[in-house]
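Read through the structure below, which is laid out as structure tokens, and then see the notes.
Index from 1, following the sequence. Keep in mind the model is a prediction, meaning the values are calculated, not measured. We use all heavy atoms of the structure for the numbers below, so side chains are in, but hydrogens, waters and symmetry mates are not.
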Amino acid sequence: MEKPKPPTGLGILVDEKRVNDLLTQKSGAKAIARSGCNLALFICFIILFTVLALSEPLTDFRALEGYVRRRFDTSAAMHLDEVTSVGSFWQYIHKSFMPGIYGNDTRPYYYPDFVPDKLLQIEGANRLFGVARLRMLKVVPGQACAVKASLESFFPTCYGQYMVEAHDMDAYGPPDPVTGDPIYNFISDPTGVQVTGKVATYAAGGFMQAFTSNHNETNSALLLMENEDFLGPGTRVIFIDWTIFNFNLNCYAVCRLMFEIAPSGNWVNELQVTVLMQRHMNPIASRTTGDWLALLGEVILVLFVLRYLLEEASEFVGFRGRYPYIKWDYFSDAWNILDWLNLGLMVFTLGMRISTWGLAGNLQVYIGDPAKQSIATFSDLSGVATNVRLIHSVLAFNTVLTWFKAVKYIAILPYITTFMQTVSMSQRALSSFVAVFFALLFGFVLAYSVAFGEQVPQFRTPWMTFVFLTSSFLGNADMNLVYEQAPLLGTVLIMLFVLAMFFVSVNLFYSIMISALADVKKEEEKGAAKWDQTKEKMKDFWSTISESLRLEYRFKKGLPGLYSRLKRWKKSIEEKENERDEELRKREAQKKQAAAVALGPGNPSLGRRKKPAANTLSIDDVESESDNGSDVDLGPLVDKAQLTKQGMFGDVLADGDFGVPMLQDEMDEGQASAQSIQLCIKATRHVVDGIVDRTYGARGVLMAEMAESKDVLFRVGSVLEVLSKRANDLVAQQQQLLKHF
């Protein structure tokens with residue numbers, strides 16, 4: 001069969017599909033080149049982002065932090081969790097904190113000619129950066145609290161929780177020997193920041209005391225504070241801030257001890273340690289090569305962020321003539337929202353870095369006369385440490401978004417495209433799921449907090465309850481705490497939580513994703529396979545490059561021997577492929593014939609034969625292969641022309657030897673002859689014999705199937721009989737056992 005010739009000239013122009021394919025091929029190379037450039041840029045971007053995120057010596061940071069925690073908490077003479085009252089606080093100061101700062105051997109401080117260090121040596125390469133500071137905040141009585149009228153005579157004053165409105169700033173304590181004023185005065189801190197603890201949020205400033213390089217002076221001041229009730233019933237929080245500088249690592253450990261005192265009398269203690277590098281406070285102060293490279297990398301990262309911001313903006317801002325407009329459909333795609341969230345967090349991180357540099361720019365350590373050290377010489381790096389912790393938290397979350405966004409740039413892979421389309425198709429359903437999920441979770445948070453907040457510490461606040469319940473999704477929650485407090489109510493709440501959050505919500509999420517994936521697969525089945533499309537794009541790209549640079553011609557001229565060998569090798573491979581295909585075709589034909597023989601009269605193709613080819617000239621050629629379907633098998637009757645006088649080949653034999661038509665009787669045209677009648681009888685007998693054979697064959701197949709079914713039913717009956725006997729035996733055994741009881 002002749003293959004249709006490809007359209008040429010005007011035929012191409014009128015074929016819309018052909019024109020679109022040609023345009024696609026023309027722009028395919030440019031699109032692939034553009035995608036390749038975007039992918040290369042994003043790879044550089046994500047590598048730079050990852051290197052900058054891991055550029056800090058985290059191992060050294062953890063080692064210095066561990067040293068501080070061991071010295072002031074876990075390996076100290078008195079642990080932090082042992083501080084539960086004002087008395088135990090002063091014991092901690094004398095037993096743990098003071099030895100941690102000044103060491104256990106304080107005899108040199110009592111020598112007459114002893115001169116304290118400007119930067120007090122704590123141990124080894126660790127120095128106290130300036131002075132340490134104790135800061136206390138308290139509340140005035142009668143604020144945010146009330147005593148029952150019948151008990152006012154027994155409890156004339158009460159102290160509520162810490163609030164800015166209840167902030168007590170009045171001076172108190174013993175009188176100053178010179179002025180006669182109270183020695184403990186409230187000191188404001190204009191550069192200080194609010195501190196959020198586990199109990200409340202505290203303002204800057206407070207009643208302060210410095211820990212200077214002079215041990216004797218500091219110890220005397222602390223003993224006076226202890227004896228004169230520096231801490232009273234209105235005290236709500238105590239901060240101890242200090243900074244340790246390690247000159248081997250060139251790092252700063254910003255430390256803070258925070259003792260929160262709730263109105264109930266409960267003490268909540270915490271030690272915070274944040275390790276800073278020099279570049280956290282000043283980007284150009286460090287002289288190391290690593291810091292300079294990190295600064296250069298951050299500048300390049302800013303350029304990347306600017307480029308991606310402009311690219312995203314160009315996607316949702318269009319122009320009608322000279323007037324811009326916003327493409328609101330752009331924001332309906334979750335991937336675009338993810339891009340803006342990722343870039344926005346990067347811009348926020350950059351702003352926080354600049355803010356931190358400005359905050360730390362005015363801080364200087366006092367290295368003058370140790371005798372002049374005081375609260376005024378304290379270098380407060382807590383604000384810088386707070387910003388750095390926030391930057392690290394945002395960076396950790398943004399790292400997940402950045403690497404998740406990498407999926408968007410490797411969409412050339414077929415299954416990645418399927419994943420992206422699944423997320424896009426399921427985003428509306430997922431938004432509804434998130435609303436339902438958090439509504440249910442919030443209800444359980446309130447239920448557990450109200451029911452067990454008083455007895456179980458993990459449910460004291462709604463936030464702590466939320467953390468406990470969300471950790472249950474990872475199997476990291478001990479529900480025995482709930483059951484032990486209230487067996488009945490706890491059991492009901494646990495069962496409801498498992499049913500609603502696991503059996504309903506989680507399975508609903510699974511069903512949404514599976515449904516979206518099925519829809520995406522259905523859409524993909526309508527078009528060509530993605531991998532085939534990718535290979536076609538790569539082939540088009542390679543052919544375009546090869547034709548543009550004439551690679552084959554250059555290779556042929558440069559290496560003719562290798563070129564000819566490769567050509568022969570390709571030709572031999574093609575020949576082997578053709579031979580293999582031909583052999584496979586023959587095997588398939590043999591399998592079909594073998595199957596037909598095995599079926600015998602039950603063969604569904606029995607009584608049919610292939611149609612003769614249009615150019616068949618003899619009866620022997622009727623069985624030749626033809627792709628035009630099949631026809632009824634009438635035995636010797638092949639064509640209706642055989643029933644006429646001329647017969648099947650009359651058009652050939654009707655001419656004379658020299659091509660002159662022979663004379664024929666017009667009366668005989670179309671009349672049946674004895675031969676044609678005999679041919680019809682033979683054809684009828686052939687059909688009848690076929691029907692009889694087919695009937696016998698069908699009878700044989702039916703009998704064989706019935707015999708096989710009978711055998712199967714006998715075996716099923718045997719199995720049921722055995723099961724019945726075993727059931728009777730079990731009944732008898734149970735009856736015997738019941739008699740004993």
Side-chain angles (χ1 to χ4, degrees), residues 52-83 92-93 95-104 119-135 193 195-198 211 238-260 268-282 285-286 288 290-291 294 349 352-353 356 359-360 363 365 378-397 399:
L52 290 177
L54 300 177
S55 60
E56 298 180 355
L58 300 180
T59 303
D60 296 336
F61 286 4
R62 300 291 84 80
L64 183 57
E65 178 185 356
Y67 167 79
V68 174
R69 293 190 180 278
R70 288 192 300 272
R71 189 171 183 85
F72 293 94
D73 184 11
T74 57
S75 298
M78 184 176 180
H79 295 175
L80 196 61
D81 55 3
E82 298 178 22
V83 179
Y92 174 81
I93 291 295
K95 293 182 178 180
S96 298
F97 187 77
M98 291 291 286
I101 294 292
Y102 300 100
N104 293 318
L119 293 178
L120 180 65
Q121 182 180 9
I122 294 179
E123 186 180 30
N126 298 312
R127 301 273 179 161
L128 181 64
F129 191 74
V131 299
R133 182 187 69 180
L134 183 146
R135 179 167 68 99
V193 295
V195 179
T196 301
K198 296 181 179 179
F211 292 79
I238 306 168
F239 297 100
I240 302 179
D241 299 298
W242 75 101
T243 301
I244 297 176
F245 175 68
N246 186 290
F247 56 79
N248 287 337
L249 301 177
N250 196 22
C251 293
Y252 303 82
V254 182
C255 310
R256 167 173 286 169
L257 277 169
M258 182 164 56
F259 303 88
E260 297 180 85
V268 181
N269 311 323
E270 183 181 5
L271 172 59
Q272 298 177 355
V273 182
T274 305
V275 181
L276 306 179
M277 298 179 66
Q278 190 66 41
R279 72 172 188 235
H280 290 151
M281 297 180 290
N282 193 331
S286 181
T288 61
D291 288 344
T349 303
M352 288 299 300
R353 287 189 185 277
T356 303
L359 184 63
L363 296 177
V365 61
F378 173 70
S379 299
D380 188 7
L381 295 178
S382 59
V384 178
T386 301
N387 286 358
V388 171
R389 285 197 300 270
L390 179 60
I391 290 173
H392 286 169
S393 300
V394 174
L395 184 62
F397 179 73
T399 302

Worksheet item: With a 4.5 Å heavy-atom cut-off, do Val388 and Leu390 have their side chains touching?
Response: no
Worksheet item: Between atom CD1 of Ile101 and atom CD1 of Ile122, what is the distance when rounded to the nearest 0.5 Å?
Response: 4.5 Å
Worksheet item: Can Tyr252 and Phe129 be said to form a ring pair (Phe, Tyr, Trp, His ring centres under 6.0 Å), step by step?
Response: CA-CA 8 Å; Tyr252 303 82; Phe129 191 74; 5.2 Å; yes
Discussion item. With rounding to the nearest 0.5 angstrom, report the CG to CG distance, Leu359 to Asp380.
Written reply: 8.5 Å
Practice prompt. Please lay out, stage by stage, how Phe247 and Asn126 fare under the test side chain to side chain contact (heavy atoms under 4.5 Å, CB included).
Written response: CA-CA 7 Å; Phe247 56 79; Asn126 298 312; over 6 Å; no
Practice prompt. Answer yes or no: is there a donor N or O on one side and an acceptor on the other, between the side chain of Thr356 and the main chain of Asn387, under 3.5 Å?
Written response: no
Discussion item. Can you tell me how far apart OG (Ser96) and CG (Leu257) are? Round to the nearest 0.5 Å.
Written reply: 10.0 Å
Worksheet, complete the sentence: Minimal heavy-atom distance between Leu64 and Cys251, with the atoms involved, is CD2-CB, 4.3 Å
Worksheet item: Where is the tightest heavy-atom contact between Pro99 and Asn104, given as atom of each residue plus distance?
Response: CB-OD1, 3.3 Å
Discussion item. Go through it in stages, so that I can follow the logic: the residues are Arg133 and Ile240, the test is side chain to side chain contact (heavy atoms under 4.5 Å, CB included), and I'd like the CA-CA distance, side-chain angles, deciding distance and then a yes or no.
Written reply: CA-CA 6 Å; Arg133 182 187 69 180; Ile240 302 179; over 6 Å; no
Worksheet item: Looking only at atom types and distance, does a side-chain atom of Gln278 sit under 3.5 Å from a main-chain N or O of Met281, one as donor and one as acceptor?
Response: no
Practice prompt. Take the angle between the ring planes of Phe72 and Trp242 and call it parallel below 30°, perpendicular above 60°, tilted in between.
Written response: tilted
Worksheet item: Is Arg71 salt-bridged to Glu123, cutoff N-O under 4.0 Å?
Response: yes
Fill in: Asp241 (side chain) donor-acceptor with Arg256 (main chain) under 3.5 angstrom
no
Worksheet item: Between Ala125 and Asn248, which heavy-atom pair has the shortest distance, and what is it?
Response: CB-ND2, 3.2 Å
Worksheet item: Arg389: what forms a side chain to side chain contact (heavy atoms under 4.5 Å, CB included) with it, not counting sequence neighbours?
Response: Gln272, Thr274, Ala385, Thr386
Practice prompt. Consider only side-chain N and O atoms of Arg127 and Thr243, and report whether a donor and an acceptor are under 3.5 Å apart.
Written response: no
Discussion item. When you compare the side chain of Ile93 with that of Met98, does any pair of heavy atoms fall below 4.5 Å?
Written reply: yes
Fill in: Nearest atoms (heavy-atom pairs only) where Val273 meets Ala253
CG1-CB, 4.4 Å
Item to complete: Begin with the C-alpha distance, continue with both residues' side-chain angles, and end with the deciding distance and a verdict on ring pair (Phe, Tyr, Trp, His ring centres under 6.0 Å) for Phe259 and Phe239.
Response: CA-CA 7 Å; Phe259 303 88; Phe239 297 100; 9.4 Å; no
Worksheet item: Atom CZ in Phe245, atom CG in Leu120: separation rounded to 0.5 Å?
Response: 14.5 Å
Worksheet item: If only atom types and distance count, is the side chain of Asn269 paired as donor or acceptor with the main-chain N or O of Val83 below 3.5 Å?
Response: yes
Worksheet item: Any idea which heavy atoms bring Ala294 and Leu52 closest together, and the distance?
Response: O-CD2, 3.7 Å
Fill in: Expected output: side-chain Arg353 to main-chain His280 donor-acceptor under 3.5 Å
no
Fill in: Rounded distance (nearest 0.5 Å) linking atom CZ of Phe61 with atom OG1 of Thr59
10.0 Å
Fill in: Verdict with supporting geometry, Tyr92 and Glu82, side chain to side chain contact (heavy atoms under 4.5 Å, CB included)
CA-CA 8 Å; Tyr92 174 81; Glu82 298 178 22; over 6 Å; no
Practice prompt. Could you give me the CA-CA distance, side-chain angles and deciding distance for Met258 and Val195, then say whether side chain to side chain contact (heavy atoms under 4.5 Å, CB included) is met?
Written response: CA-CA 10 Å; Met258 182 164 56; Val195 179; 4.1 Å; yes
Practice prompt. Look up atom CE in Met78 and atom CZ in Phe97, then write down how far apart they are to the nearest 0.5 Å.
Written response: 14.5 Å
